[in-house]
Number of protein chains: 2
Amino acid sequence: MLQAKEVTQILRAHGYKVTPQRLAVYHALARTTAHPQAETLYAELLPLYPTMSLATVYKTLGILCEVGLAQELNVGEDAYRYDANTALHPHICCRVCGRVDDVSGLSLTGLQREAASCTGYEVTEQQVYFYGVCPACREQELRDEAGQRKVH
Amino acid sequence: MLQAKEVTQILRAHGYKVTPQRLAVYHALARTTAHPQAETLYAELLPLYPTMSLATVYKTLGILCEVGLAQELNVGEDAYRYDANTALHPHICCRVCGRVDDVSGLSLTGLQREAASCTGYEVTEQQVYFYGVCPACREQELRDEAGQRKVH
DNA sequence: CAATAACAAATAACGATTATCTATTTATAA
DNA sequence: TTATAAATAGATAATCGTTATTTGTTATTG
């Protein structure tokens, strides 16, 4: 998570003005690893910035992605998610509760090179998404099964 | 690409009726490797089935995904793409022309196991997307650069 | 201090997808 | 084959995430 000073520098370097709203969106995003949607960030910021509009959140997120302070995720929901961690790393999404977590400790740079040689593309980016059931939901499922067995 | 008879069996086995429209959507999708959007399939089918509506295409694609005859892709566009090849394989998307190709010859099963052990999730699916510039667009870019040099 | 440009907020617009409703078609068994 | 019940297709409208537009405000520069 970058400091306000660094964020300011980066925005200015790309010709964008620095406003309290923009810093607030960045810090709300950088403070969490929950990969929120625009709507979630908006709801979180509204108490602090009662005049902020959802359109401003979207526009700011677009700018943050453009200048390399965030990345956009799409796990197949109806809405985008955002991540202030722009390092190359996979994400994993729980099919039960919908949470999205980072996956750290997988080396993916080899994949990119392989993909380039398979396809003839010049490969510049990649996104890796896993889907399954998170630990909390797995436990819940085990509890549910146990409960059902008692009923029978 | 499965034959109509097999598709019929699979749909019936899942309790769905088999209609000319459903077979047509499946075959239009299975015939191509371009990973079309619903709109594209609709435009392709309209001359053959003048009464078909876009809603029917969407509903049919949803059913095909549910019964395992297709999968849904999302490379970050505003619309979903669909693929009748349901085997686990990555996709690669050209940032210039937007085309989406299959990547074959990458082994991904190890990744899934690694992700499970990193996160504690039970991992059931994955999607791998690469982004870059396709061979055709790379050539075009080279030609454009050559042209610019002449002008100077 | 004036002039200019960029901005935030509000609103409307847009477009992909889904829900609803009705007439039609399919599957099934007599 | 044909009658019947259930499921479907198509038309239409609705929904919702996202983007464009407009207008008044703020910040910056000379």
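In the text below, chain A, chain B and the rest are named by the order of the sequence lines, each starting its count at 1.
At the heavy-atom level, A:Thr19 lies under 4.0 Å from the strands shown only through sugar-phosphate atoms. At the heavy-atom level, A:Pro20 lies nowhere under 4.0 Å from the strands shown. Residue-level contact check: A:Ala79 touches the backbone only, with heavy atoms under 4.0 Å from sugar-phosphate atoms and none from bases.
Paired with B:Leu88 under the rule side-chain contact (heavy atoms from CB on, under 4.5 Å), one option of B:Gln112, B:Gln127, B:Gln71 passes, and it is B:Gln112.
The OH-P distance, from A:Tyr82 to D:dG17, rounds to 12 Å in whole Å. Protein atom OH of A:Tyr80 is 12 Å distant from nucleotide atom P of C:dA16, rounded to whole Å. The distance from atom CG of A:Asn74 to atom P of D:dG17 is 13 Å, rounded to the nearest whole Å. For B:Leu54 and C:dA19, the CG to C1' distance is 14 Å, given to the nearest whole Å. The CD atom of B:Glu77 sits 16 Å away from the P atom of C:dG15 (whole-angstrom rounding).
When each of B:Arg12 and A:Arg22 is assigned the nucleotide of DNA chain C bearing its nearest heavy atom, the one mapping closer to the 5' terminus is A:Arg22. Place A:Tyr49 and B:Val18 on DNA chain C by their nearest nucleotides, and A:Tyr49 ends up nearer the 5' end.
Between D:dG10, D:dT8, C:dA16, one nucleotide has an atom nearer to the side chain of B:Lys17 than all others, and that is D:dT8. Checking D:dT18, D:dG10, D:dT8 against every side-chain atom of A:Tyr58, the shortest atom distance belongs to D:dT18. Closest to the side chain of B:Lys59, from the set C:dT11, C:dT20, C:dA8, is C:dT20.
A:Tyr80 OH to A:Leu61 CG: the interatomic distance, rounded to the nearest 0.5 Å, is 12.5 Å.
In this structure, A:His35 and A:His91 have perpendicular ring planes: the angle between them is above 60°, well past the 30° mark.
Using a cutoff of 4.0 Å between basic side-chain nitrogens and carboxylate oxygens, A:Arg31 and A:Glu44 are scored as salt-bridged.
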